[in-house]
Amino acid sequence: MRKTKSIIQGIAAPLPESDIDTDAILPAQFLLLLEKKGMGKYLFHERRKPGATPRFVLDAPEYHGAKIIVGGPKFGIGSSREHAVWALADFGIECVIAPSFGDIFYANCFKNGVLPIALDDSQHAELMIAANRATEFIVNIEWRELSYGQKKSVSFDLDGRRQRAFLEGLDEIEQVRAEDGHSIRAFEKTHRIAAPWLHLSKQQLCTFENVEANNGNDVTGKASA
Amino acid sequence: MVFKMAGQTLYDKVWDAHVVRTYATGEALLYIDRHLVQEVSSPQAFTGLATRGLSLHRPEAHIAVADHAVPTDRDPLSLREGLAAKQIARLEDNARRHGLPYIPTNDDRHGIVHIIGPELGFTLPGATLVCGDSHTSTHGAFGALSFGIGTSECEMVFATQTLLQRKQKRLRVLINGELCEGVSTKDVILAVIRKIGVAGGQNHAIEFAGPGVRALSMEARMTLCNMAIEAGSRIGMIAPDETTFEYLQNRPLAPKGALWSQAVTAWRELQSDPDAEFDDEVTLSAGEITPHVSWGTTPAQCAPISETIPDPSAEQELDRRAQMVKSLKYMDLKPGTPLSEIEIDTVFVGSCTNGRIEDLRRTARVLKGKRVAPGVRALVVPGSAKVRADAENEGLDRIFKDAGFEWRRAGCSMCVAMNNDRLNPGERCASTSNRNFEGRQGPEGRTHLMSPEMAAAAAITGRLSDVRILMNGR
Ligand code: SF4
């Protein structure tokens, strides 16, 4: 189980640029890290170097503790690195609002309790203005509504399963293993008859490390760097 | 088999054959035949698996290899200290613990995931294949349904051999005619991205089709599909044909004997039906495409080499104008400058886009008997140990070395700048890789994307140059 979450409330920080790629969100040198935790300090590393001018929005005092980013179109394009989302989450960002997202980034957000909200241009423009004033937003995941100040709320789309994942803290892997384990095994049987060449055997793979033709025991010892 | 319904696209056919079940939300549980595992996107997935106390659903569906962080200037086994060594050791360790087929860094099958998958015959038509790397679209060149995934999805594949996926719309990119001399599929894909933009293919599975695609070798097709993701599509596919079968036959992991014939019969069905419907279509005439280079910080910011740097003030769309200003500032370029006057100091030939033997051959053809311009650092990094060995057998390494190139070992190298192969701040690189994002090849480094032959031309002249002019001596 993950933590359940139904409300995200916090300052929204504006990042009014299009095509913010995942290389910018988390540069490659930090991909060597082996844990998810602790990536937040490297978020937007190149832009947050000491003395950077203008000061990066997340480092400006009025945006201290921001939980929401209002970004430009095509937010999170490029590399599939989930590290970009880990960095956002570890930094404390729980929600990213943009007109559009990179596909893989969008999917990665949901796996880490970060809510990506895609809005049309006019709604997005209004939120960008509000974010420019360091406004506090309230995102209600249950109602699929976002509100701030005296403004009436803006509703957003959220797939039912993904919404439930937030509200109930459901975990995809647990869910599929519990509910669909049977169907997967049944599928494998028929699939193997339909396309037997797709099923690699230990025999075929025995020239690779860790695979032994007969019983699959560990046969390492060749190289260890 | 499910492959035989009328009115379906190639994507529909492979998709349908892998749906375990569909949910009320419209999502499907998609069965994943094969998974390539690398060192960067997998450690946290293995940790997740361990936390759950789970083992792999099917260890034989995976192959693990380290490519991103490996050094290319020395024997990778000599690397013992530092984060990269740790990350590679972690992959080895995880593979051992889970009985996952593993290719060590000193193995003659080692290389970049997207190069070795096809080389081994691990990549097959009609298969679903994933990897924690966005350029997994490459394998679609074989008619596989392949796409890049995040680390959590890697964990899902380890644990269940499935993924929850929503079906994509279908976009056909039709390429008519044939490419002219000096023009390659790198130019075609840059032209496509320039035309439809970096999000033009978003939520779509691309199928590249038409006579211009049929005429291509497998390696050229892979370059095309590799960069589908730069147009926003996780998926780029090409229907398999004789060229595909010829490439695959006798590959180590390809089916053999009767199973091979049975497979080829099934693979012949993997064509979009004549009455199949696409949600969108883009047509290009190959004969009109000329060598392209990128000038900005997204792959869509590119142009034919004969053009000049565009003027942001002429751009009507505000977002795009702001982005152009930002890109040009980062790239330190002025509107109106002819692209062929831009001087470079570094040349990188390699990556999963252009690190195959044909790429090296085409580069070497331009370089033969010539020298790298004074002051230019040039490196060629074969995409796999096999590419490197084949190139050495053909004597290509000599041509590169005689021209003044560094001849490296296989790896991602300066495509991603995770090892020591990176640009210094302010350096400008003619690169055959796929991304020109800010800092992609090293903090504050500047990247110009282009084809291998164009990179060779840039190496010789020390500036971005039209390889056709160089070769014709005009
Ligand atoms: S060569 Fe570059 S794009 Fe390809 S897998 Fe390696 S890092 Fe990714």
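Predicted model only: the values in this text are computed from it and were never measured. Convention: sequence-line order gives letters A, B, ...; per-chain numbering from 1.
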(request) Report the residue from A:Arg177, A:Arg185, A:Glu188 that forms a side-chain hydrogen bond (donor to acceptor under 3.5 Å, both in side chains) with B:His57. (result)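 Among A:Arg177, A:Arg185, A:Glu188, the one meeting side-chain hydrogen bond (donor to acceptor under 3.5 Å, both in side chains) with B:His57 is A:Glu188.
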(message) Restricting to side chain to side chain contact (heavy atoms under 4.5 Å, CB included), what partner residues turn up for B:Gln202, sequence neighbours left out?
(response)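 Residues passing side chain to side chain contact (heavy atoms under 4.5 Å, CB included) with B:Gln202: A:Ser100, A:Asp103, B:Ala199.
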(message) Looking at every heavy atom in both B:Ala159 and A:Ile173, which two are closest together, and how far apart are they?
(response)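 Looks like CB-CG2, 3.8 Å.
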(request) Could you verify whether a donor N or O on one side chain and an acceptor N or O on the other, from B:Asp33 and A:His191, lie under 3.5 Å apart? (result)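 Yes.
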(request) Using distance alone, with no hydrogens and no angle criterion, decide if B:Glu60 and A:Ser201 have a side-chain donor and acceptor under 3.5 Å apart. (result)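 Their side chains do not contain a donor-acceptor pair, so the 3.5 Å distance test is not met.
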(message) Parallel, tilted or perpendicular: which one describes the rings of B:His18 and A:Phe187, with boundaries at 30° and 60°?
(response)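 Rings of B:His18 and A:Phe187: tilted, as their planes differ by 30° to 60°.
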(request) Measure A:Glu17 against the heavy atoms of chain B and call it side chain, backbone, both or neither at under 4.5 Å. (result)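 Just its side chain gets close to chain B.
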(message) What part of A:Ala28 gets within 4.5 angstrom of chain B, counting heavy atoms only: side chain, backbone, both, or neither?
(response)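 Contact with chain B involves both backbone and side-chain atoms of A:Ala28.
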Kindly compute the distance separating [atom1] ([X]) from [atom2] ([Y]), expressed to the nearest 0.5 Å.
X	Y	atom1	atom2	value
B:Ser152	A:Trp86	OG	CH2	6.5 Å
B:Leu29	A:Ser183	CG	OG	7.5 Å
B:Asp133	A:Ser79	CG	OG	7.0 Å
B:Glu155	A:Glu172	CD	CD	10.5 Å
B:Met418	A:Leu31	CE	CG	5.0 Å

(message) Ring of A:Phe208, cation from B:Arg109 - is the NZ or CZ under 6.0 Å from the centre and inside 45° of the axis?
(response)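 Yes, B:Arg109 and A:Phe208 form such a contact.
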(message) Regarding A:Asp171 and B:Arg52, does a basic nitrogen lie under 4.0 Å from an acidic carboxylate oxygen?
(response)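 Counted as a salt bridge, because a side-chain N and a carboxylate O are separated by less than 4.0 Å.
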(request) Answer yes or no: is there an ion pair linking B:Arg166 with A:Asp159, defined by an N-O contact shorter than 4.0 Å? (result)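 A:Asp159 and B:Arg166: salt-bridged.
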(message) Please classify the contact between B:Lys326 and chain A as side chain, backbone, both or neither, with a heavy-atom cut-off of under 4.5 Å.
(response)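 Only the side chain of B:Lys326 comes within 4.5 Å of chain A.
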(message) Can you list everything that forms a ring pair (Phe, Tyr, Trp, His ring centres under 6.0 Å) with A:His124? Sequence neighbours excluded, please.
(response)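 Here no residue qualifies.
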